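Chain letters run A, B, ... following the sequence lines, proteins first and then strands; every chain starts at 1. Remember, it's a predicted structure, so these values are computed and weren't measured experimentally. Values reported hereafter were calculated over all heavy atoms of this structure, with side chains retained and with hydrogens, waters and symmetry mates removed.
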Amino acid sequence: MALNIMQLATMFADKHPGITSGHRLCPGCAAPNVAKFALMTAEALGYTPVVGFATGCMEVSTTIYPYTAWNVPYIHNAFENVAATVSGVETAYRALLKKGRLVDPNKKYAFFAFGGDGGTYDIGLQALSGAVERGHKFIYIVYDNEGYMNTGNQRSGATPPGSQTTTQPVGKKLSGKIQLKKNIVEIMAAHENVYVATVSTSEPMDFFKKIEKALNFDGPSFIAAMSPCVRFWRVNDDKAVEISKLAVETGYWPLYEVERGVYRVTKKVKELKPVREFIEKQGRFRPLLKRPDADEIINELQEYVTSRWERLLALEEATKDKPIR
Amino acid sequence: MPAKYFEIRWHARAGQGAKSASQMLAEAALEMGKYVQSFPEYGAERTGAPMKAFNRVADEPILVHSSVDNPDVVVIIDDTMLGQPMLTEGTDENTVFIVNTVKDVEYVRQKLGAKGKVCTIAATDIALEEIKRGIPNTVMLGAIAKVTGIITLESVEQRIKKAFAKKFPEEVVEANVRALRRGFEEVKCNG
Amino acid sequence: MAELKGWKDIPIGGVIDKPATAKEYQTGTWRVIRPVHQPENCIHCMMCWLYCPDQAIVIEVVDGKPKMKGYNYYYCKGCGLCANVCPKTNDNLPEEKRAIVMKPETEFQD
Amino acid sequence: MPEVKNRQAVTGAQAIANAMRQINPDVVAAYPITPQTPVVEYFAQFVADGAVETEMIPVESEHSAMSAVVGAAAAGARAMTATAANGLALMHEIVYIAASSRLPIVMAVANRALSGPINIHCDHSDAMAERDSGWIQLWAENAQEAYDFTLMAIRIAEHEDVRLPVMVNFDGFIISHGVEVVDFLDDEVARKFVGEPKVMYPLLDTEHPVTHGPLDLYDYYFEHKRQQIEAMKHVKKVFKEVAEEFAKISGRKYDLLDKYKVDDAEYIMIALGSTAGTIKYTVDLLREEGHKVGVIKPQIFRPFPKNELQELLNGRKGVIVLDRAASFGAEAPLYEAVKSALYEVAVKPQIGSYVYGLGGRDIKIEHIRKAFEDAFSGNLIADEERYLGLRE
């Protein structure tokens with residue numbers, strides 16, 4: 001049964017799905033919706049969520065002592081270790097279940113770990129890889145806003161080329177970050193015994209379905225969510241969904257999943273819009289667009305996006321019915 | 001009165017089981033109601049490198065945690081090491097050497113440059129005959145029991161039975177006991 | 001903000017021992033533009049509800065169907081995302097035809 | 001005196017693993033590092049053989065080991081780990097978080113020199129780097145104490161007046177790999193002693209959702225630190241209570257300070273860990289020669305037993321402090337603490353600082369004797385750090 005919006009609204013008309021009002025994220029931030037979509041799905045399907053967060057925007061803005069914007073169990077430990085921390089929580093659950101203490105054997109617990117791109121692509125990658133390799137039953141969700149936005153827009157491994165950041169700024173000589181985004185999805189898919197997917201809040205049904213799949217998957221899951229930072233992407237406060245949609249339509253953020261090595265493109269965009277459209281909408285690329293080498297950099301990105309898209313389609317074809325484990 | 005500790009230094013090559021032998025000696029002495037220590041000296045060496053292990057045995061709890069400098073007994077598991085100066089370090093005419101070798105006592109004494117008592121036992125050969133594996137540990141323990149009295153044949157036998165009975169069939173335990181006894185009986189010393 | 005407590009009167013370890021205490025925190029004071037619901041144009045599609053990052057959309061289930069009832073201005077930060085995702089609101093529609101209109105907060109000062 | 005039923009010759013690592021087996025913790029997360037590795041190996045075998053019900057997490061680093069036990073303990077599990085040296089250093093960040101989060105985790109630390117250059121042998125630089133992390137630090141002299149303290153640590157950590165993690169320090173290789181005689185408690189006796197885990201604010205009580213690890217700014221951070229300071233103040237009392245109970249089941253009575261021949265001693269040496277034993281032996285030798293000497297081994301370094309030391313050291317002729325760690329640009333950690341304690345005593349002894357045994361350098365009776373002889377000849381200088389067993 002796929003969840004739909006009306007159903008969810010009916011269910012959550014008078015209650016908050018994990019995250020509540022009163023948090024102090026920027027107006028229009030996409031991140032709380034990433035959490036909301038995921039937790040709403042879990043609760044709607046009868047799961048009791050337990051949530052861990054890496055240090056980052058969401059952690060900081062939702063739990064300013066003595067206020068917490070969580071009505072589900074929540075733990076934050078440090079920046080780089082949410083996967084390890086939640087692996088400890090999940091293991092404790094199994095231990096306590098066995099010993100008949102504290103946990104309710106009739107409940108379905110869902111363990112979520114959330115991290116920003118900094119806590120996932122970069123400093124938290126080791127702990128994430130370790131936890132996934134060990135096969136803990138948990139869902140790791142990266143809300144990818146393509147930089148260290150919590151601390152004011154520093155470069156991360158998820159920052160795209162040409163995007164203005166404070167630690168790799170576009171200057172008179174240099175064109176800012178020159179490297180393409182690290183492909184975290186493929187890194188995680190390479191753990192093989194894992195369900196991996198990309199999501200965007202602009203495609204809610206696809207989002208819900210993938211969370212449902214992750215919940216049902218008998219192992220770890222990794223979900224990469226496009227999560228525009230309206231502040232440092234330099235777009236209006238009301239643009240998070242619009243820009244996410246464009247990311248999907250241009251192929252910049254292809255929606256797909258990899259289940260034990262089997263690829264499936266879940267949103268087949270008939271004709272990809274040019275990546276330039278995505279770039280020109282955002283203030284973070286403005287300094288790049290003023291540079292003489294702007295076209296070169298955008299073309300390079302376009303080539304990458306196009307070839308990755310084609311490759312994904314080919315992988316879908318090639319891996320059909322061929323799970324790696 | 002400070003306690004008197006009986007101190008043993010083992011010389012072997014890494015991988016020859018001297019650490020286990022020293023541990024087994026400690027356990028055998030424990031069987032006799034004594035207090036014991038057994039500890040190896042660790043480096044980054046791999047199989048084949050010369051290594052040392054130590055024992056302290058006493059009638060009361062052992063306090064000292066430094067390494068053994070003036071051993072009462074030096075046990076040498078591998079006679080290809082004879083001639084290495086570290087074998088006699090900190091020894092004097094009261095030190096007893098027990099060497100696993102087929103060579104005779106006088107040869108070994110000279111090669112070592114030992115001042116004190118030297119004993120030899122063909123431990124590897126005996127082990128091969130009895131246990132069918134060239135692990136000289138139990139034979140050496142038999143020899144040590146005979147020469148020093150710090151452990152008894154019975155205590156080692158007890159230990160072998162306890163330690164091996166769980167893991168090995170009866171005949172292996174018995175082969176080890178035979179090897180132990182032959183070590184006790186066949187060790188030869190000067191003086 | 002409530003009166004600050006001394007060290008003997010708070011749980012140890014920085015634990016917040018009650019859920020959802022942030023609901024006491026008024027984020028509505030951040031708002032400079034106010035979304036105003038015009039129910040006559042609303043089709044109750046729940047897109048505003050789905051996307052409101054602050055869960056400031058008030059809905060009610062009537063005859064088993066969720067209905068948009070307006071805003072909880074205690075929390076609404078005025079980001080305008082609700083208007084942006086509203087199928088009955090766009091720049092080409094005259095204001096009176098829109099389901100949601102964004103108005104400067106100054107218009108609501110006493 | 002309870003009867004000794006189970007006396008064995010084991011390594012310190014085996015002794016600790018066996019304590020862990022008896023504790024049967026809910027979760028153990030650990031990463032191997034010399035010389036802690038055998039602790040993890042022995043315990044993993046217990047898990048594999050079903051001797052415990054513990055869920056073990058073979059993590060990919062010590063950082064994750066500490067992170068996972070923080071998660072497990074917050075969840076409501078009794079959680080343990082073990083490490084050494086660089087592993088402890090890698091954990092450092094989370095070591096603080098564990099204490100600040102008031103999670104009663106117990107961790108065995110096989111003390112080893114902190115690189116570099118890399119060295120695998122014993123010194124106390126690893127634990128000393130964590131002395132202000134908010135963990136209780138117990139220091140074992142031998143395998144017996146390593147075993148006993150591991151059991152006691154659970155009770156101290158989980159005590160409602162404490163709720164702090166405990167580090168059980170035992171000298172790497174010397175204790176971890178050395179075989180010594182250990183009297184083990186019966187499993188049932190040990191299990192009854194540690195009891196059922198006492199949990200507070202468990203994350204897995206989903207009926208009462210709690211938030212662990214919030215952002216704690218200037219409004220409340222200081223108050224939370226004040227609570228931690230207070231909790232440490234309760235440790236001594238709790239240690240004594242737990243020790244008393246432990247004595248009843250084991251016949252082994254521990255105090256905050258292990259005192260050896262101090263009653264009439266004019267000169268007292270102070271040291272942590274296994275060296276204290278070698279000092280005791282030296283004290284016996286020196287007493288034969290007519291010297292009134294004694295040794296104090298703090299069983300606990302955090303909280304520091306300051307008052308107890310003041311009482312004992314007041315009016316003595318000389319106090320010699322041996323540190324197995326240097327504090328570059330300052331006085332060695334144990335010395336600094338003892339010297340600071342002596343500021344308030346009525347009749348101050350002469351005092352001297354001796355750093356020894358870095359990177360596993362052997363500490364011998366003659367080194368200890370040399371330091372005592374300095375004291376006998378009135379040659380202790382409070383501002384001078386001296387070195388035992390170092391080539392000039």
Check each atom of L204(D) against the heavy atoms of chain A and say whether the ones under 4.5 Å are side chain, backbone, both or neither. both
From CD (E93(D)) to CG (N81(A)), nearest 0.5 Å: 6.5 Å
The interface call for Y109(A) against chain D, heavy-atom contacts under 4.5 Å, is side chain
Non-hydrogen atoms of chain A under 4.5 Å away: do they reach the side chain of H208(D), the backbone, both or neither? neither
How long is the span from the OG atom in S61(D) to the CD atom in E80(A), to the nearest 0.5 Å? 9.0 Å
Side chains of S129(A) and E60(D): any donor to acceptor distance under 3.5 Å? no
Using the rule given for salt bridge (charged side-chain N to carboxylate O under 4.0 Å, His left out), can you reason through K98(A) versus D26(D), listing the C-alpha separation, both sets of side-chain angles and the distance that settles it, and then say yes or no? CA-CA 9 Å; K98(A) 196 163 62 178; D26(D) 301 313; over 6 Å; no
Contact class of V69(D) relative to chain A, heavy atoms under 4.5 angstrom: neither
Between D104(A), V60(A), V103(A), which shows the greatest number of heavy-atom pairs under 4.5 Å with chain D? V60(A)
Enter the distance from Y74(A):OH to T211(D):OG1 here, rounded to the nearest 0.5 Å. 7.5 Å
Answer with side chain, backbone, both or neither: which region of E53(D) has an atom nearer than 4.5 Å to a non-hydrogen atom of chain A? both
So which part of E196(D) gets closer than 4.5 Å to some heavy atom of chain A, the side chain, the backbone, both or neither? side chain
Please classify the contact between P58(D) and chain A as side chain, backbone, both or neither, with a heavy-atom cut-off of under 4.5 Å. both
Less than 4.0 Å between a side-chain N and a carboxylate O, is that true for K99(A) and E55(D)? no
Roughly how far apart are L215(D) CG and T68(A) OG1, rounded to 0.5 Å? 11.5 Å
Under 4.5 Å from any heavy atom of chain A - which part of T54(D): backbone
Counting only heavy atoms not in R134(A) (residues, nucleotides, ligands), do more than 12 fall under 6.0 Å from its CZ? yes
Heavy atoms of other groups near E230(D) CD, more than 12 under 6.0 Å: yes
Shortest non-hydrogen pair, P209(D) vs P73(A), comes out as CB-N, 3.6 Å
Among A65(D), A98(D), S67(D), S101(D), single out the residue with the greatest number of heavy-atom pairs under 4.5 Å to chain A. S67(D)
Apply the side chain to side chain contact (heavy atoms under 4.5 Å, CB included) test between H212(D) and each candidate in I75(A), T85(A), V89(A), N77(A); give the one that qualifies. I75(A)
Quick one: which of V50(A), L102(A), V72(A) gives a side chain to side chain contact (heavy atoms under 4.5 Å, CB included) with L203(D)? V50(A)
Chain A interface, residue from A29(D), P197(D), A79(D) that has the most non-hydrogen pairs under 4.5 Å: P197(D)
To the nearest 0.5 angstrom, please state how far the OH atom of Y47(A) sits from the OG1 atom of T206(D). 15.0 Å
Can you name the closest pair of heavy atoms from A84(A) and S64(D) and give their distance? CB-OG, 3.4 Å
Determine the option with the most heavy-atom pairs under 4.5 angstrom with chain D, choosing from I64(A), L96(A), T91(A). T91(A)
Heavy-atom pairs under 4.5 Å with chain A are the metric here; pick the option from L217(D), D205(D), V210(D) that has the most. V210(D)
Test item: H76(A) side-chain N/O and P214(D) main-chain N/O as donor-acceptor pair under 3.5 Å: no
